[in-house]
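Note that ligands are numbered from 1 as they come in the structure, with each ligand's atoms numbered from 1 the same way.
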Amino acid sequence: MKIKQVILRHLKLDLLYPFTTSFGTEYDKDFILVEVKNEDGLSGWAESVAMLDPLYNEETVKTNWHILEDYLIPIVLKNDIQHPDELFEKWFAHLRGNYMAKAAIEGAVWDLYAKEQNMSLARALGGDRSKIDVGVSIGIKDSMEETIETIGERLEEGYKRVKLKIRPGWDVALIDRVRQEYPDIPLMADANSAYTLDDMDRLVALDDYQLMMIEQPLAHNDIINHADLQARMKTPICLDESIHSVEDARKALKLGSCKIINIKIGRVGGLTESRKLHDFCQANDIPVWCGGMLESGVGRAHNIAITSLPNFTLPGDTAASSLYWAEDIIEPEVTVQNGEITVPTSPGLGYETSLEKVNKYTVYSRTYRA
Ligand SMILES: O=C(O)CCC(=O)c1ccccc1C(=O)O
Ligand SMILES: [Mg+2]
């Protein structure tokens, strides 16, 4: 592959509804959209899932721009890349961390590669599903009534499982109330690292509610305390923040820190490592699902492609575009029917990135040439 041009754009989209987690409230979405072009003018697209502030992990829009501009883009423009797997495994291997920045450009190269091969990205990754099951992530609301109402709407729309964000004080009583209203729905909770082992009793109390799993209750960089907690809880622990690689997953499984893993392409450095992590979990009977980072349609399309792999056996967080944006930047937008998304079969991501819409939401852009 010969990459001739890379364009970075900083986009800003307004969220339709504020999204609150244990680490804060998002009202809008600033992100970097990456476009790579080959010599025939064919484009590959991806987005960085780094947020404006280092609240989910340490990366930000600015640190990603810096790493992309000063390290990753020069590598991609200078070298002849035979296959996108080489980026993470060879060309980026000496650069530590910065997973979301690496994933952003790697994803764009994967899309371009699939288009050059005249293959869907899902197929290029080895995915064989034609439809994927999806759930929905519901943020912390002002009241339990509002939460109950929102859950009802999402169930009406067909979502196959409900994830509720929790934090100390918005947990056991909430789940108890939700279980009174909806005794049998597939339900889980995500704490985004809001608890410590001092909260053991509160967390163990969640065992009474048949939750599918509890996601990342303890520190973002911990796997030791999670093992202690898992030993005390029947409910499976799912790790999100603390898994960046197959190697992290191997250690977590060895310690017994979790029984399920959430795969986010950005968090592990791209599609190549996501697929490896998927394969490793499959070989070890650990189910996986695809997490979300409030992506625009471009990131959503990447999530759909990776979710077509066979061990994504649990519904992910890739909900419809219309739950986030008044207008998405892809055509068609992502739609959900009966809790399923149809995996596109046309080349690459299978959704067109609309330049008109991209331009409308771009606050700053820069072009880099070979
Ligand atoms: O709807 C989505 O994209 C998932 C939303 C979500 O849960 C989330 C959003 C931003 C940061 C972290 C997380 C998370 O899964 O922990
Ligand atoms: Mg999470």
Please work out, at 4.0 Å between heavy atoms, whether the side chain, the backbone, both, or neither of [X] comes within that distance of ligand 1.
X: Thr318; value: neither
X: Asn192; value: side chain
X: Gln216; value: neither

Checklist entry - Phe23 ring centre to Arg167 NZ or CZ under 6.0 Å, with the angle to the axis within 45°? => result no
Query - Sub-4.0 Å heavy-atom contact, Lys165 with ligand 1 - result: yes
Validation row: [X], [Y] side chains within 4.5 angstrom (heavy atoms):
X: Gln216; Y: Leu239; answer: yes
X: Asp80; Y: Lys2; answer: yes
X: Leu121; Y: His302; answer: yes
X: Asn311; Y: Cys281; answer: yes
X: Trp325; Y: Asp14; answer: no
X: Asn64; Y: Asn98; answer: no
X: Ile32; Y: Val34; answer: yes
X: Ser245; Y: Val268; answer: no

| field | Charged N-O contact under 4.0 Å between Arg177 and Glu145 | value | yes
Within the 4.0 Å heavy-atom shell around [X], which atoms of ligand 1 are there?
X: Tyr56; answer: 12 (C)
X: Asp317; answer: 1 (O), 2 (C), 4 (C), 7 (O)
X: Asp240; answer: 14 (C), 15 (O), 16 (O)
X: Tyr324; answer: 1 (O), 2 (C), 3 (O)
X: Ser137; answer: 4 (C), 5 (C), 6 (C), 7 (O)
X: Gly292; answer: 2 (C), 3 (O), 4 (C), 5 (C), 6 (C), 8 (C), 9 (C), 13 (C), 15 (O)
X: Asp190; answer: 14 (C), 15 (O), 16 (O)

Would a line drawn from the ring center of His278 to the ring center of Trp289 be shorter than 6.0 Å?
no
Report for the Mg ion (ligand 2), protein N, O or S closer than 2.8 Å, by chain and number, lists Asp190 OD2, Glu215 OE2, Asp240 OD2
Contacts satisfying side-chain hydrogen bond (donor to acceptor under 3.5 Å, both in side chains) that involve residues 358-367 (not counting sequence neighbours) are Glu69-Arg366, Glu327-Lys360, Glu327-Tyr361
Point to revise | Test log, rule salt bridge (Lys or Arg N to Asp or Glu O under 4.0 Å), inputs Lys357 and Glu331 | key: CA-CA 10 Å; Lys357 289 174 186 164; Glu331 287 165 359; 3.0 Å; yes
In terms of heavy-atom contacts, Ile341 and Thr318 come closest through CD1-O, 3.3 Å
For ligand 1, is there an N or O atom under 3.5 Å from any N or O atom of [X]?
X: Glu241; answer: no
X: Asn262; answer: no
X: Phe23; answer: no

Looking only at protein heavy atoms, what sits closest to atom 3 (O) of ligand 1 is Leu294 N, 2.8 Å
Check: of Lys264, Glu215, Glu295, Met293, min heavy-atom distance to atom 14 (C) of ligand 1 comes from Lys264
